[in-house]
Amino acid sequence: MVQAICDYVHEHLQFGYEHASPTKTAWQAYTEGRGVCRDFAHLAIAFCRCMNIPARYCTGYLSDIGTPPPWAVGDFAAWIEVYIGNAWQMFDPRNNVPRIGRVLIARGRDAADVAIATTFGPNLLESFKVWTDESREDIAIGFGH
């Protein structure tokens, strides 16, 4: 059931950074048919909850580890976890393919619970660099400033 929901969301929404909106709801993403990974996750969570399947929002870094060349740039991303068979299982309605190299930053009910940054007043991000390195079976992540 959850994979069918993710398949539907993946096929129904068109991904594009230009479709990002901090106030977009799952309903708006559904009716517009477009969004960013956060919107894919919110819509899949809404459908899961309608089916009485416990679901939660995850945010983190999705690296290029385990993907074939040419490597796409890494990205901060959203995915979901659902409670199936007495354990939380990961699903990604945006990419909809298994990936290794995910670095979980936070879990919550939705994106409002786990914003990557919440700022008040004027601020300036001068530099931000993230890198991942595959070593043995572990994945290391570093943050630069």
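It should be emphasised that the depicted structure is a prediction, and the values quoted were computed from it without experimental measurement.
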ask   = Can you list every pair that meets salt bridge (charged side-chain N to carboxylate O under 4.0 Å, His left out) and has a residue in residues 82-91, with sequence neighbours left out?
value = none
By side chain to side chain donor-acceptor pair (under 3.5 Å) - contacts of Thr31 (at least two apart) = none
ask   = Applying salt bridge (charged side-chain N to carboxylate O under 4.0 Å, His left out), which residue pairs with at least one partner in residues 41-54 are found, sequence neighbours left out?
value = none
ask   = Can you name the ring-ring contact (aromatic ring centres under 6.0 Å, His included) partners of His19, sequence neighbours left out?
value = none
remark   = Between the CZ atom in Arg99 and the CG atom in Leu62, the distance rounded to the nearest 0.5 Å is 4.0 Å
request  = For Gln89, check side chain to side chain donor-acceptor pair (under 3.5 Å) against everything at least two apart and list the hits.
outcome  = none
query = Who pairs with Phe120 by ring-ring contact (aromatic ring centres under 6.0 Å, His included), at least two apart in sequence or on another chain?
reply = none
key: His42 (side chain) donor-acceptor with Ala111 (main chain) under 3.5 angstrom   = yes
request  = Kindly give the heavy-atom pair with the smallest separation between Arg94 and Cys37, and that separation in Å.
outcome  = CG-CB, 3.8 Å
ask   = Is it true that atom CD of Glu126 has more than 12 heavy atoms of other residues, nucleotides or ligands lying nearer than 6.0 Å?
value = no
query = With sequence neighbours left out, what residues match Asn52 under side chain to side chain donor-acceptor pair (under 3.5 Å)?
reply = none
remark   = Taken in chain and number order and not counting sequence neighbours, the residues that satisfy side chain to side chain donor-acceptor pair (under 3.5 Å) with Asp7 are Gln3, Asn96
remark   = Apart from Phe15 itself, members of its ILVMFWY cluster (side-chain separation under 4.5 Å) are Met1, Val2, Ile5, Tyr8, Val9, Leu13, Tyr17, Trp27, Tyr30, Val36, Phe40, Leu43, Ile45, Phe47, Met51, Ile53, Tyr57, Ile80, Val82, Ile84, Phe91, Val114
message = Give me each pair satisfying side chain to side chain donor-acceptor pair (under 3.5 Å) with a member in residues 103-116, each pair once, sequence neighbours excluded.
response = Glu81-Arg107, Arg109-Asp113
request  = Hey, could you give me each pair passing ring-ring contact (aromatic ring centres under 6.0 Å, His included) that has a residue in residues 93-113? Not counting sequence neighbours.
outcome  = none
ask   = Hey, what do you get for OG (Ser21) to CZ (Arg34), rounding to the nearest 0.5 Å?
value = 10.5 Å
query = Who else is in the cluster with Leu104 when I, L, V, M, F, W and Y are joined by side-chain contacts under 4.5 Å?
reply = Trp79, Met90
query = Could you go step by step and tell me if Lys24 and Glu32 meet the side chain to side chain contact (heavy atoms under 4.5 Å, CB included) rule?
reply = CA-CA 10 Å; Lys24 186 178 288 188; Glu32 293 173 8; 3.0 Å; yes
task = Working to the nearest 0.5 Å, report the span between CZ of Arg102 and OG of Ser63.
result = 9.5 Å
